Amino acid sequence: MVPTARPAVPFPDRLVAAVALALSLAMSWWPLRRQIAAVRLLRGLPYARLARLETLYTAVLAVIPSWWPGRVACMEISLATVLATALTGRQARWVLGARFLPDAAHAWAEVPEGAAGRDIGDAVDRPWTPVLSVP
């Protein structure tokens, strides 16, 4: 396996992202309804700016451990991004979505200005449809 380059992210953002990713991985063992309930507790915070959300999303991607034996995919990454945003005193929505042909599911984080982690791969010609948006 060829190691990939990790994005350069400031240390404070990497620290927040690492804590949020650890929380996200621990919460991934919970039933989905409990994860949703936990994210809904962040409802009263003001929304983050899109640039800040993208920075935290990049920080979460930078701290994913290569040795982790379990799953670290879009659901865990987007939840970690939402939690990292909350740890900085702001809020982002956690969105679970789907698309057809081929059938697929995806999760991303978004604020009123836009989204982080939504348009990956071939999503340009087959956009994602939000199914659940929390909070």
Side-chain angles (χ1 to χ4, degrees):
M1 183 169 152
V2 177
T4 58
R6 297 207 177 222
V9 179
F11 179 74
D13 290 343
R14 287 176 70 94
L15 184 62
V16 168
V19 170
L21 185 61
L23 286 171
S24 173
L25 291 174
M27 288 172 65
S28 69
W29 289 87
W30 297 359
L32 182 60
R33 63 185 162 82
R34 289 211 179 147
Q35 293 177 29
I36 291 169
V39 172
R40 281 198 174 130
L41 294 174
L42 311 174
R43 221 182 279 174
L45 297 172
Y47 277 106
R49 307 294 283 181
L50 179 59
R52 184 66 180 146
L53 182 68
E54 289 173 344
T55 301
L56 291 171
Y57 176 77
T58 304
V60 169
L61 291 177
V63 299
I64 295 174
S66 60
W67 51 265
W68 184 254
R71 169 190 151 107
V72 181
C74 61
M75 194 159 178
E76 291 80 14
I77 293 169
S78 60
L79 179 57
T81 303
V82 169
L83 294 173
T85 307
L87 289 173
T88 61
R90 297 292 175 167
Q91 161 182 305
R93 285 189 298 264
W94 187 37
V95 184
L96 307 177
R99 70 173 177 201
F100 300 103
L101 300 172
D103 295 340
H106 186 50
W108 63 90
E110 74 177 14
V111 291
E113 297 173 39
R118 179 179 52 201
D119 298 325
I120 60 168
D122 57 355
V124 176
D125 60 342
R126 293 185 319 268
W128 297 102
T129 303
V131 176
L132 174 68
S133 181
V134 184

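Any value given below was found using the heavy atoms of this structure, including those in side chains, with hydrogens, waters and symmetry copies removed. Values in this document were obtained by computation on a predicted structure and should not be read as measured data.
Side-chain atoms of P135 and R93, non-hydrogen and from C-beta on, do get closer than 4.5 Å to each other. When side chains are defined from C-beta on, V95 does not count as touching L132, because their heavy atoms never get closer than 4.5 Å. At a threshold of 4.5 Å between non-hydrogen side-chain atoms, the residues P46 and R90 count as touching.
Scanning all heavy atoms of the two residues, the minimum distance from V9 to A62 falls at CG2-CB, 4.1 Å. Taking all atoms of both residues into account, the shortest heavy-atom contact from A109 to V82 is CB-CG2, 3.9 Å. The two residues A20 and A84 come nearest to each other via the heavy atoms CB-N, 3.4 Å. Nearest heavy atoms, I77 versus V72: CG1-CG1, 4.0 Å.
Screening residues 52-66 for salt bridge (Lys or Arg N to Asp or Glu O under 4.0 Å) gives D13-R52 as the qualifying pairs, with residues at least two apart or on separate chains. Residue pairs that meet the salt bridge (Lys or Arg N to Asp or Glu O under 4.0 Å) test with at least one member in residues 37-49, sequence neighbours left out, are R49-E113.
Considering only residues two or more places apart in sequence or on other chains, A107 meets the side-chain contact (heavy atoms from CB on, under 4.5 Å) condition with C74, M75, S78, W94, L96. Residues passing the side-chain hydrogen bond (donor to acceptor under 3.5 Å, both in side chains) test with Q35, sequence neighbours excluded: none. Qualifying salt bridge (Lys or Arg N to Asp or Glu O under 4.0 Å) partners for R71, counting only residues two or more places apart in sequence or in other chains: E76.
By the criterion of side-chain heavy atoms lying less than 4.5 angstrom apart, applied directly or through intervening Ile, Leu, Val, Met, Phe, Trp or Tyr residues, L23 is not grouped with L25; the two fall into different hydrophobic clusters. Both V19 and M27 belong to a common hydrophobic cluster when Ile, Leu, Val, Met, Phe, Trp and Tyr are linked at side-chain heavy-atom distances under 4.5 angstrom. Both L83 and V134 belong to a common hydrophobic cluster when Ile, Leu, Val, Met, Phe, Trp and Tyr are linked at side-chain heavy-atom distances under 4.5 angstrom. Residues L42 and I36 share a single hydrophobic cluster, defined by chaining ILVMFWY side chains whose heavy atoms lie under 4.5 Å apart. When hydrophobic clusters are built by joining Ile, Leu, Val, Met, Phe, Trp and Tyr residues whose side-chain heavy atoms come closer than 4.5 Å, directly or via intermediates, W108 is not grouped with V131.
Using a 4.5 Å cut-off between side-chain heavy atoms of Ile, Leu, Val, Met, Phe, Trp and Tyr, L53 falls into a hydrophobic cluster with Y47, L50, V111.
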